[in-house]
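Positions are given from 1 along the sequence.
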Amino acid sequence: MSFDHIPRRIVCLQPSATVILAAIGELGRVVACTKYCPDVVPEVADSSRIILADSWTANAAQIIAAQPDLVIAAVPYQESSVSEILKAGARFLGLAPRNLKDIYTDIAMIAGLAGAGGCGETVIESMQHQIEDVRVKSRDSARPRVFCEEWGKPLITSQPWVAELVAAAGGTFVGEPGRQISADDVLGADPEVIIAAWCGAGDRVPLEKIIADRNWQETSAARAGRVFCIRDEFLNTPAPTLLQGLDALANAIHPELFPRTKGIRQITAVPTTALPNPAA
């Protein structure tokens, strides 16, 4: 049987696509990826793969140089970026997941394109089982209010899939997922756990500063020292990587049930007044 219809040279402009291909055992098809992909798939950090611009800064010449027969990118993105992708002339798959169901669909779709549909189903089932295991373990516990943000200026709540993981970990998500929210509205909701996972920031969110600058010192979370940074890629990569984010969320929300894990950092001190502005 001929398998000529299966892409042999895949360009990933989105880390989640690289994670999915690695999870289904098809990483060898990835000939080029972004500089962010090694953060979630260390195996791609070698000289055999081209590093190119991501979904938001796509460059047609870079894509053409990789000679792909499939490009996988994320949407929404700037019109100029999609134009660059289309100019490259390769088949193009755009991903725009909002929730866990969408992510499972993306895994199944990428696995099907790579001729590994069975592996894709195995990955999906494994994710579902691990999430359900956490849900069952936490279901009889109190459900603290959890504010989780993916960006600080403007203040934006984490995506719907994160809200689903917060619920599975035994928390109640504060605000509308994936939407801008004011610091005063968060203060009014009085979260018992605050989690920051800023896109592109890794684990470097300045927790003490954001609590002080937003006057959140009197929130239940700040007074109890339950303010955390979870690595960006663990919560913002819509792929099996989210299981690491789930482990971190579970520990932050119910440390009495779930052990400390990698990728999570807790506040060390809560300032009582706003920190001085170094530019003043």
Side-chain angles (χ1 to χ4, degrees), residues 13-16 34-36 39-40 53-58 74-81 96-98 145-163 165-166 171-238 241-242 245 248-249 252-253 263-280:
L13 304 186
Q14 182 69 7
S16 61
T34 78
K35 65 181 180 180
Y36 303 108
D39 292 339
V40 284
D54 61 19
S55 297
W56 285 263
T57 56
V75 293
Y77 32 54
Q78 296 181 10
E79 184 178 346
S80 58
S81 295
R98 289 279 296 164
R145 297 178 301 279
V146 180
F147 176 69
C148 194
E149 63 184 71
E150 74 167 24
W151 195 243
K153 291 184 179 181
L155 185 55
I156 299 175
T157 57
S158 293
Q159 292 299 310
W161 65 71
V162 177
L165 295 179
V166 166
T172 300
F173 193 86
V174 170
E176 185 177 356
R179 299 288 185 178
Q180 189 169 334
I181 189 171
S182 73
D184 285 345
D185 283 345
V186 176
L187 181 63
D190 188 27
E192 297 163 89
V193 180
I194 293 174
I195 295 168
W198 291 359
C199 292
D203 60 356
R204 300 181 299 277
V205 179
L207 297 175
E208 289 85 354
K209 186 176 189 304
I210 65 174
I211 294 298
D213 288 353
R214 298 169 182 173
N215 295 315
W216 285 357
Q217 299 93 330
E218 294 305 312
T219 60
S220 295
R223 285 189 282 109
R226 300 186 69 186
V227 180
F228 303 86
C229 172
I230 293 178
R231 289 195 66 88
D232 156 48
E233 57 267 24
F234 286 4
L235 290 183
N236 298 327
T237 306
T241 313
L242 291 177
L249 284 171
I253 297 168
I264 184 170
R265 177 170 56 83
Q266 190 169 3
I267 202 166
T268 55
V270 178
T272 56
T273 58
L275 297 177
N277 183 348

remark   = Taken to the nearest 0.5 Å, the spacing of S158 OG from I195 CD1 works out to 8.0 Å
inquiry  = For a 4.5 angstrom cut-off between non-hydrogen side-chain atoms, does L155 reach K153?
reply    = no
inquiry  = For W56, is there any backbone N or O sitting under 3.5 Å from a side-chain donor or acceptor partner on S81?
reply    = yes
query = For the side chain of Q159 and the backbone of N236, is there at least one donor-acceptor N/O pair under 3.5 Å apart?
reply = no
query = Say you draw a straight line from CZ of F228 to CD1 of I253; how long is it, rounded to the nearest 0.5 Å?
reply = 9.0 Å
Beyond-backbone contact of I211 with I194, side-chain heavy atoms, under 4.5 angstrom = yes
Whether W198 and W151 hold their rings parallel, tilted or perpendicular, with breakpoints at 30° and 60° = tilted
message = Looking at every non-hydrogen atom in both residues, tell me the closest pair between R265 and D203 and how far apart they are.
response = NH2-O, 2.9 Å
A74 backbone acceptor or donor facing S55 side chain under 3.5 Å = yes
inquiry  = Would you say CZ of R223 has more than 12 non-hydrogen atoms from neighbouring residues, nucleotides or ligands within 6.0 angstrom?
reply    = yes
inquiry  = Taking S182's backbone N and O only, do any of them form a donor-acceptor pair with R214's side chain (distance below 3.5 Å, no angle check)?
reply    = no
query = Which heavy atom in I267 sits nearest to a heavy atom in G225, and how many Å separate them?
reply = CG2-O, 3.7 Å
key: Minimal non-hydrogen separation, E233 against G202, with atom names   = OE1-CA, 4.2 Å
request  = Could you walk me through whether T34 and Q14 pass the side chain to side chain contact (heavy atoms under 4.5 Å, CB included) test, one step at a time?
outcome  = CA-CA 7 Å; T34 78; Q14 182 69 7; over 6 Å; no
key: Considering all heavy atoms, the nearest P191-T219 contact   = O-CB, 4.2 Å
ask   = Which value, rounded to the nearest 0.5 Å, describes the distance between D185 atom CG and E176 atom CD?
value = 12.0 Å
query = Can you name the closest pair of heavy atoms from W216 and A183 and give their distance?
reply = NE1-O, 3.1 Å
key: Sub-4.5 Å side-chain heavy-atom contact between D232 and Y36   = no
Minimum heavy-atom distance I264-A252, with the two atoms named = CD1-CB, 3.8 Å
R145 side chain to D190 backbone, donor-acceptor under 3.5 Å = yes
key: Heavy-atom donor-acceptor pair, T157 side chain to G178 backbone, under 3.5 Å   = yes
request  = With side chain to side chain contact (heavy atoms under 4.5 Å, CB included) as the test, would you mind laying out the steps for L235 and E150 before giving the verdict?
outcome  = CA-CA 9 Å; L235 290 183; E150 74 167 24; over 6 Å; no
Check: F234 and L242 side chains under 4.5 Å, non-hydrogen atoms = no
